[in-house]
Amino acid sequence: MFYVDVERFVTFHHRDGLTFAAQLLYITFVGMVAALTIVRREAEVVDRRPVPWLASVVGTFGLTASPMLFFVHRGPPLYNFGLAGARVEAVFSSVAIVGAIVSLATLGRSFSVTPQANRLVASGPYRLVRNPLYFFEMLAMLGGLIDHGRLVSFAVAGVVLGSQLLRIHYEEMLLRDVFPEYDE
């Protein structure tokens with residue numbers, strides 16, 4: 001069943017053009033994550049402890065896989081907004097993915113999956129918000145929750161959100177230690 005849902009996701013069999021655009025942007029985002037992971041610069045300091053590493057991996061790949069998991073229409077429905085929910089998801093996802101792409105482009109080679117100190121980025125969306133990439137990723141997940149009112153969607157979102165909050169905590173601790181100007 002999961003294979004069929006992944007196949008449907010990848011082949012763009014969606015309800016409308018907005019959803020198609022959101023999914024195309026999502027694939028661009030995933031491609032950027034992969035490319036920046038490969039070309040990232042070597043970090044000054046890396047947090048190699050198991051809990052920060054696990055939180056980072058679950059947060060990263062949970063967010064990457066969660067849109068596919070939302071297509072799993074199993075489990076008890078909590079609500080159903082129909083086409084209106086799908087359109088809200090498409091709009092949220094489009095805004096979120098564009099914001100995430102801009103955030104990734106701003107990070108550039110300083111992007112990392114696990115907590116690392118490469119350089120302090122304070123330009124683009126990072127001059128306004130400490131964690132814009134995580135904010136936009138959660139906005140996309142919220143869109144998925146609005147459209148797919150299944151218990152499994154909320155369970156996945158809860159695990160990913162908890163992991164992201166842990167990840168943010170460890171990342172900020174590391175950045176404060178390496179860059180004293182971080183809090184400014």
Side-chain angles (χ1 to χ4, degrees), residues 2 6 9-10 21-70 89 92-145 153 155-184:
F2 182 71
V6 171
F9 174 80
V10 173
Q23 296 304 327
L24 189 59
L25 287 168
Y26 176 75
I27 288 172
T28 301
F29 168 75
V30 171
M32 286 181 73
V33 167
L36 290 173
T37 298
I38 293 168
V39 301
R40 73 178 179 266
R41 66 178 83 219
E42 191 169 332
E44 291 182 36
V45 179
V46 177
D47 189 339
R48 297 189 193 282
R49 295 176 298 165
V51 172
W53 183 88
L54 183 61
S56 298
V57 170
V58 171
T60 299
F61 296 107
L63 287 170
T64 303
S66 64
M68 288 183 272
L69 293 173
F70 284 129
E89 177 188 19
F92 274 37
S93 294
S94 296
V95 169
I97 297 303
V98 168
I101 289 170
V102 169
S103 299
L104 274 176
T106 302
L107 280 174
R109 293 183 56 219
S110 294
F111 171 77
S112 64
V113 173
T114 59
Q116 299 181 17
N118 293 308
R119 70 181 171 93
L120 188 58
V121 177
S123 60
Y126 288 87
R127 77 172 174 257
L128 304 172
V129 179
R130 279 192 180 172
N131 299 292
L133 183 56
Y134 303 150
F135 168 78
F136 288 120
E137 289 171 341
M138 288 298 130
L139 184 62
M141 187 171 281
L142 177 61
L145 288 174
S153 301
V156 170
V159 169
V160 173
L161 177 61
S163 297
Q164 284 297 73
L165 292 174
L166 262 175
R167 177 186 198 181
I168 289 167
H169 169 74
Y170 287 114
E171 227 173 66
E172 289 190 347
M173 282 177 33
L174 180 67
L175 291 172
R176 276 189 187 96
D177 287 347
V178 175
F179 304 110
E181 67 275 18
Y182 178 74
D183 283 326
E184 294 173 23

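- Atom CZ of residue Arg41 and atom CD of residue Gln116 lie 12.0 Å apart, to the nearest 0.5 angstrom.
- Summarising the geometry of Gly144 relative to Glu89, their closest heavy-atom pair is CA-OE2, 3.6 Å, with the distance given to 0.1 Å.
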Enumerate, atom names and distances included, each donor-acceptor pair closer than 3.5 Å involving a side-chain atom of residues 173-181, sequence neighbours excluded.
| from | atom 1 | to | atom 2 | distance (Å) |
| --- | --- | --- | --- | --- |
| Arg176 | NE | Asp183 | OD1 | 2.8 |
| Arg176 | NE | Asp183 | OD2 | 3.3 |
| Arg176 | NH2 | Asp183 | OD1 | 3.2 |

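- Atoms CG and CD, from Leu104 and Glu137 in turn, are 7.5 Å apart once rounded to the nearest 0.5 Å.
- In terms of the side-chain contact (heavy atoms from CB on, under 4.5 Å) criterion, residue partners of Tyr126 (sequence neighbours excluded) are, by chain and number, Ser103, Thr106, Leu107, Val121, Pro132, Leu133.
- By the side chain to side chain donor-acceptor pair (under 3.5 Å) test, Glu44 is found to be paired with no residue, residues two or more places apart in sequence or in another chain being considered.
- Considering only residues two or more places apart in sequence or on other chains, Leu161 meets the side-chain contact (heavy atoms from CB on, under 4.5 Å) condition with Met138, Leu165.
- Between atom CZ of residue Phe136 and atom CD1 of residue Ile97 there is a gap of 10.5 Å, rounded to the nearest 0.5 Å.
- For residues 48-59, the pairs satisfying side chain to side chain donor-acceptor pair (under 3.5 Å) are Asp47-Arg49, with sequence neighbours left out.
- Residue pairs satisfying the salt bridge (charged side-chain N to carboxylate O under 4.0 Å, His left out) criterion with at least one member in residues 94-104, sequence neighbours excluded, are absent.
- Heavy-atom minimum distance, Ala105 versus Met32: N-CE, 3.8 Å.
- Considering only residues two or more places apart in sequence or on other chains, Tyr182 meets the side chain to side chain donor-acceptor pair (under 3.5 Å) condition with Glu172.
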Problem - Evaluation steps, side-chain contact (heavy atoms from CB on, under 4.5 Å), between Glu171 and Asn131 - result: CA-CA 10 Å; Glu171 227 173 66; Asn131 299 292; 4.1 Å; yes
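- By the side chain to side chain donor-acceptor pair (under 3.5 Å) test, Ser163 pairs with no residue at all, sequence neighbours left out.
- Between Thr60 and Arg167, the closest side-chain pair of non-hydrogen atoms falls below 4.5 Å.
- Applying the side chain to side chain donor-acceptor pair (under 3.5 Å) test to Asn118 and every residue at least two apart in sequence or in another chain returns nothing.
- Listed by first and then second residue, the salt bridge (charged side-chain N to carboxylate O under 4.0 Å, His left out) pairs involving residues 104-120 amount to none (not counting sequence neighbours).
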